[in-house]
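Note sheet for the following structure.
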Amino acid sequence: MRGPVESHWSRWGRVLSLRVAIPAGATAEVILPAGAGARVTESGRELAQAVGVRVLQREESAVVLEVLSGEYRFCVE
């Protein structure tokens, strides 16, 4: 693994956007604030269809993800 891990987030009203970049050969754990009923997507896809993304745990106020190397754009609504 070599290279930077990058992240950038923004919030518009009730929508949170998070962009992350994970270097080749690495995996990362991403924790997103997502209460009951929140819709979480990656590049417009439901998490179950997002390539390189695995839901590790859903908690009362968050979702915990494992992501493989690559770039991801998460949205929590």
Checklist entry - Crowded around E60 CD? As in, over 12 foreign heavy atoms under 6.0 Å? => result no
Checklist outcome for this item: Correct closest heavy-atom pair for Y72 and G52 would be OH-O, 3.4 Å
Next on the checklist: Applying a strict under-4.5 Å side-chain criterion to I, L, V, M, F, W and Y, I'd like to know whether V5 and V67 cluster together.
Outcome noted: yes
Next on the checklist: Surrounding CZ of R19 (heavy atoms of other residues, nucleotides or ligands, distance under 6.0 Å), is the total greater than 12?
Outcome noted: yes
Checklist outcome for this item: In this structure, CD of E77 is separated from OG of S17 (nearest 0.5 Å) by 8.0 Å
Checklist entry - Between L65 and L47, is any pair of side-chain heavy atoms under 4.5 Å apart? => result yes
Checklist entry - Can you tell me how far the OG1 atom of T27 sits from the CD1 atom of I22, to the nearest 0.5 Å? => result 8.5 Å
Next on the checklist: What's the separation between atom CD in E71 and atom CD in E6, rounded to the nearest 0.5 Å?
Outcome noted: 7.5 Å
Checklist entry - So, for S7 and L18, which heavy atoms are closest and what is the spacing to 0.1 Å? => result CB-CD1, 4.4 Å
Checklist entry - If two hydrophobic side chains count as joined below 4.5 Å and joins carry through other members, does F74 share a cluster with V15? => result no
Checklist entry - Is there a chain of hydrophobic side chains (I, L, V, M, F, W, Y, each step under 4.5 Å between heavy atoms) that links V64 to L16? => result no
Checklist entry - Distance from S61 atom OG to I31 atom CD1, nearest 0.5 Å? => result 10.0 Å
Item to check | Straight-line distance of R39 CZ to C75 SG, nearest 0.5 Å | outcome: 8.0 Å
Checklist entry - Are V55 and V76 in one and the same hydrophobic cluster, where Ile, Leu, Val, Met, Phe, Trp and Tyr link if side-chain heavy atoms are under 4.5 Å apart? => result yes
Item to check | Pairwise distance CD(E29) to CZ(R54) - rounded to 0.5 angstrom | outcome: 10.0 Å
Checklist entry - Shortest non-hydrogen contact from R14 to R11? => result CA-NH2, 4.4 Å
Next on the checklist: Ignoring hydrogens, what is the shortest heavy-atom contact between A24 and S69? Give both atom names and the distance.
Outcome noted: CA-CB, 3.6 Å
Checklist outcome for this item: Minimal heavy-atom distance between V63 and A34, with the atoms involved, is CG1-CB, 4.2 Å
Item to check | Shortest non-hydrogen contact between P23 and P4, atoms and distance | outcome: CD-O, 3.5 Å
